[in-house]
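These notes concern the structure reproduced below.
Numbering starts at 1 and runs along the sequence shown. One-based numbering, in listed order, for ligands and for the atoms of each.
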Amino acid sequence: MKVNINGETKTILAVWYENNEVKLIDQRKIPESVEIFSAKNSDDVYYAIKDMVVRGAPAIGVTAAYGLAMANKNKEDMDEAIKKISSSRPTAYDLFKAVNYMKENKFLESSARRYAMEITERSKKIGEFGNELIGPGDKILTHCNAGALAVVDWGTALAPMRIAHDAGKNIFVYVDETRPRLQGAKLTAWELQQEGINYSIIADNAAGYFMHKNEIDLAIVGADRIASNGDFANKIGTYEKAVLAKVNNIPFYVAAPGSTFDFSLKSGDEIPIEERDENEVLIVNDKNLGPKEGHAKNPAFDVTPHEYVTAFITEYGIFKPEELNKLHKIIQKDLFMR
Ligand code: MRU
């Protein structure tokens, strides 16, 4: 991704491996500054995922893959390293997919590099397929951040927008601010800005207003885990946007690589939902929003039932929820992804 650091445009990745360290753009610091976090052992990797130095399902998977290669080189206890890294966040399936991949591939650095490369190339393919769904001048709604920061490069939901923009389609993006951590306002807006794509941040409760006024042509979001029947978990607030899209006859697409599909689950009811610290909701800029002794509930994700999904945009093409059987068979034949 293109990043402007002190007036200089550089191309960097969200996650990479260098000198036996996992390097991450510290996403807690964006958009104020671009800082690099170096993880030197599996404890650092656990902390980086849990504290959301790195976030977004595919990026979490790549970080875990590099983290396990590093732990292996450090001669750490691998059972402990796996246990720790796997317990960092429960919802994104990519984390568990990456851990299994590394187990099966002997925790080699070359395997982690392959994992990162595959995920990156696949997200570009998602972009190419998704671009076909975008018309000139389309206005697109997105939620949370499913951009390059959430993958390694390209993104999932943002990849089609990047490619459509590069093709001169003159798109406009409505960016949900995405409380409580504001991944939309902070990360997605920052990425779109770097790419020169026109956008406006909207308050989380404003999407219905714009949909009703025919201001939104389609919605594209990412996913953290997708069950066999097409129910999917994504950042809290996705569900209500999907319902509103259906009511307003607006196509609602979910962009995700094969690594996010969990075909062991029958439906979204089985997806574990992370509950995060209440202070993420209660405190903004070091100030309490409500009464000092107030409490909050903070589920990080919700599950959108498949009937609200128009189609899934994957590296294998575009699939309606009722076509996921077909996708499952394709994934089973994919030597990297199965
Ligand atoms: O809590 P986060 O920021 O990790 O949640 C991220 C999302 O919900 C993304 O939409 C999802 O991981 C897809 S990222 C390509």
Classify the contact between [X] and ligand 1 as side chain, backbone, both or neither, using a heavy-atom distance cut-off of under 4.0 Å.
| X | answer |
| --- | --- |
| Asn145 | backbone |
| Met52 | side chain |
| Cys144 | side chain |

- Task: Examine Gly222 against ligand 1 and note whether any of their N/O atoms are separated by less than 3.5 Å.
- Result: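 N/O-N/O distance below 3.5 Å does not exist for this pair.
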Without swapping roles, check the side chain of [X] against the backbone of [Y] for a donor-acceptor pair under 3.5 Å.
| X | Y | answer |
| --- | --- | --- |
| Thr260 | Ala256 | no |
| Ser33 | Glu35 | no |
| Asp44 | Lys40 | yes |

Taking only heavy atoms of [X], which atoms of ligand 1 are found under 4.0 Å from at least one of them?
| X | result |
| --- | --- |
| Ala57 | 12 (O), 14 (S) |
| Gln183 | 1 (O), 2 (P), 3 (O) |
| Ala146 | 14 (S), 15 (C) |

- Query: Looking only at side chains, do Ser264 and Asp262 share a donor and an acceptor under 3.5 Å apart?
  - Reply: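 Yes, side-chain donor-acceptor contact under 3.5 Å.
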- Message: Do Asn298 and Glu275 pair up side chain to side chain, a donor and an acceptor below 3.5 Å, judged on atom types alone?
- Response: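 Judged by distance alone, the side chains do not pair up.
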Nearest neighbour of [atom] from the list [options], on a heavy-atom basis:
| atom | options | result |
| --- | --- | --- |
| atom 1 (O) of ligand 1 | Arg225, His143, Arg55, Lys235 | Lys235 |
| atom 13 (C) of ligand 1 | Gly147, Gly56, Ala223 | Ala223 |
| atom 11 (C) of ligand 1 | Ile236, Val151, Asp224 | Asp224 |

Residue, atom name and distance, where the atom is the protein heavy atom closest to [atom]:
| atom | answer |
| --- | --- |
| atom 14 (S) of ligand 1 | Ala150 CB, 3.5 Å |
| atom 15 (C) of ligand 1 | Thr156 OG1, 3.0 Å |
| atom 4 (O) of ligand 1 | Arg89 NH1, 2.8 Å |
| atom 9 (C) of ligand 1 | Asn234 OD1, 3.4 Å |

- Message: Please tell me whether Phe210 and Tyr174 form a close aromatic pair, meaning their ring centres lie under 6.0 Å apart.
- Response: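 Yes, the ring centres sit under 6.0 Å apart.
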- Query: Does the gap between the ring centers of Tyr66 and Tyr17 come in under 6.0 Å?
  - Reply: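 Ring centres of Tyr17 and Tyr66 closer than 6.0 Å.
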Are any of the heavy atoms in [X] under 4.0 Å away from ligand 1?
| X | answer |
| --- | --- |
| Asp94 | no |
| Ala92 | no |
| Glu274 | no |

- Item | Derivation of the salt bridge (charged side-chain N to carboxylate O under 4.0 Å, His left out) call for Asp26 and Lys29 | CA-CA 6 Å; Asp26 191 336; Lys29 305 279 166 61; 3.6 Å; yes
Determine all donor-acceptor pairs shorter than 3.5 Å in which one atom belongs to a side chain in residues 102-109; sequence neighbours excluded.
unit_1 : atom_1 : unit_2 : atom_2 : d
Asn105 : ND2    : Tyr101 : O      : 2.7
Glu109 : OE1    : Lys73  : NZ     : 2.5
Glu109 : OE2    : Arg113 : NE     : 3.0
Glu109 : OE2    : Arg113 : NH2    : 3.0

- Task: State plainly whether one hydrophobic cluster holds both Trp154 and Met337, where clusters connect Ile, Leu, Val, Met, Phe, Trp and Tyr through side-chain heavy atoms under 4.5 angstrom apart.
- Result: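 No, it is not one cluster - the side chains of Trp154 and Met337 are not joined through contacts under 4.5 Å.
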Enumerate, atom names and distances included, each donor-acceptor pair closer than 3.5 Å involving a side-chain atom of residues 192-202, sequence neighbours excluded.
unit_1 : atom_1 : unit_2 : atom_2 : d
Gln193 : OE1    : Tyr199 : OH     : 2.4
Gln194 : OE1    : Asn4   : N      : 2.9

